[in-house]
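Read the structure below first, then the notes.
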Protein chains: 2
Amino acid sequence: MAKRPPTIPDSELDVLKVLWERGHATVREALETLREAGREWSYATVATLLDRLEGKGLVTSDRRELAFVYRPAITDQEVRQRRVSSLVDKLYEGEPGLLVLHLLKSHPLNPVQAKEVRAVLDGMLGDSSKKRDKDR
Amino acid sequence: MAKRPPTIPDSELDVLKVLWERGHATVREALETLREAGREWSYATVATLLDRLEGKGLVTSDRRELAFVYRPAITDQEVRQRRVSSLVDKLYEGEPGLLVLHLLKSHPLNPVQAKEVRAVLDGMLGDSSKKRDKDR
DNA sequence: GACCTTGTGAGACAATTGTCTTAGGATAAA
DNA sequence: TTTATCCTAAGACAATTGTCTCACAAGGTC
């Protein structure tokens, strides 16, 4: 019975992001980074959030010198993965294609990205199914 | 100051989905549909959820005969829109393209969808930017 | 009328989230 | 060593979410 992955509330996510960016941080360092990013939290709030993240196994801590140093124990990719899968399951009938279509329609890409995406798609489809008749 | 849109917890979303499917429903009808879909909720729970949804302005109710009849006041598209935007903002630096790329890599599409997506992209890019050199 | 069946209203209650206060241990500075 | 700092521990507290219980009203049934 795999217990389902812990939820990551937004506030905790913001803290986690700091750890991803910096690799590791003490409470105070995280606080400062967050301040710079516009989050007006108190020291204790950040400490609580790191604590909760540790409780969920999403960060680890080890005591160096005075303060605890926290490091992420989950990657940003992993978190994205979870969020996306959950979104697809909940609102797109488990069909990632529907989400992609929706995205393209409602959130237009810039040309550079669009091309990049198309390249990936071409790769995925493989030559046989392409409609590049001219090449024949 | 537009007050930010209300959050829609998962349980409420499940109820909302029933209304989208059916167009409208009483508490009992919603309960039954949910039961069929595997949700083992009590009548009161569904009533509470509909009530909360109404409090948030996401459904309306009018009393026909005995029971209240609830109808969605927000479309599924709207909800999807919100969730996707929030995801993009929170985990993809506001760049929908990054999400699309991620999706394609981690959740492969079936060929039909892939082609459909490519068609949309081609439309979006317009002829000028295509790399169909052969046409020149 | 006395009784069910359905439905609503009003809350209860625990878990999670968002934020902070306060007390006390270590460390560094005077 | 007295003070001023910085850190953690412990928990407070309100809002939101997930679920439910219970009392009571309105409509049928015998």
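Just so it is clear: chains get the letters A, B, ... in the order the sequence lines come, proteins before strands, and each one is counted from 1. When reading the values below, keep in mind they use all heavy atoms of this one structure, side chains included, and skip hydrogens, waters and symmetry mates.
- To the nearest 0.5 Å, the span separating CD on B:Glu116 from CG on B:Asn110 amounts to 9.0 Å.
- Between A:Thr26 and D:dC7, a side-chain N or O to OP1/OP2 separation shorter than 4.0 Å is absent.
- Taking 4.0 angstrom as the limit, B:Trp41 places a side-chain polar atom (N or O) nearer than this to OP1 or OP2 of D:dT19.
- Of the possible polar contacts, none joining the A:Arg118 side chain to the B:Arg118 backbone as a donor-acceptor pair under 3.5 Å is found.
- If you take CD of A:Glu12 and C1' of C:dA15, they are 14 Å apart, rounded to a whole angstrom.
- Comparing D:dA9, D:dC6, C:dT21 against the side chain of A:Arg28 picks out D:dC6 as the nearest.
- Relative to the side chain of A:Thr48, the nucleotides D:dT21, C:dC20, D:dT8 differ in distance, and C:dC20 lies closest.
- Note: CD (A:Glu32) to P (D:dC7) measures 9 Å, nearest angstrom.
- When the P atom of C:dT16 is taken as reference, atom CG of A:Asp51 falls 15 Å away, rounded to whole Å.
- Although no hydrogens or angles enter the test, the distance criterion places a donor-acceptor pair under 3.5 Å between the side chain of B:Glu29 and the main chain of B:Thr26.
- Atom CD in A:Glu29 sits roughly 13 Å away from atom C1' in D:dC6 (whole-Å rounding).
- The distance between atom OH of B:Tyr70 and atom C1' of C:dG7, rounded to the nearest whole Å, is 10 Å.
- Residue B:Thr45 has a polar side-chain atom (N or O) positioned under 4.0 Å from OP1 or OP2 of D:dC20.
- For B:Arg52 and D:dG18, a side-chain-to-base donor-acceptor distance below 3.5 Å is present, hydrogens and geometry of angles not being considered.
- Place A:Ile8 and A:Glu40 on DNA chain C by their nearest nucleotides, and A:Ile8 ends up nearer the 5' end.
- Rounded to an integer number of Å, the gap from A:Arg39 CZ to C:dT17 P is 15 Å.
- Distances shown here put a side-chain N or O of A:Tyr43 below 4.0 Å from the OP1 or OP2 atom of D:dT8.
- Atom-to-atom distance recorded for A:Leu31:CG and A:Leu50:CG is 10.0 Å, nearest 0.5 angstrom.
- One finds the CG atom of B:Asp89 at 11.0 Å from the CG atom of B:Leu99 (value rounded to the nearest 0.5 Å).
- Of the candidates C:dC20, C:dT17, D:dT8, C:dT17 carries the atom nearest the A:Thr7 side chain, counting heavy atoms from C-beta on.
- Comparing atom distances between the A:Ser11 side chain and each of D:dG18, C:dG18, C:dG11 picks out C:dG18 as nearest.
- Of the two residues contacting DNA chain C, namely A:Pro9 and A:Ala44, the nearest-nucleotide position lying further toward the 5' end is that of A:Pro9.
- A:Leu49 places its CG atom 18 Å from the P atom of D:dA10, with the value rounded to the nearest Å.
- Remark: A:Ser42 is in phosphate contact with C:dC20, judged by side-chain N or O atoms under 4.0 Å from OP1 or OP2.
- Following rounding to the nearest Å, A:Asp10 (CG) and C:dT19 (P) show an atom-to-atom distance of 10 Å.
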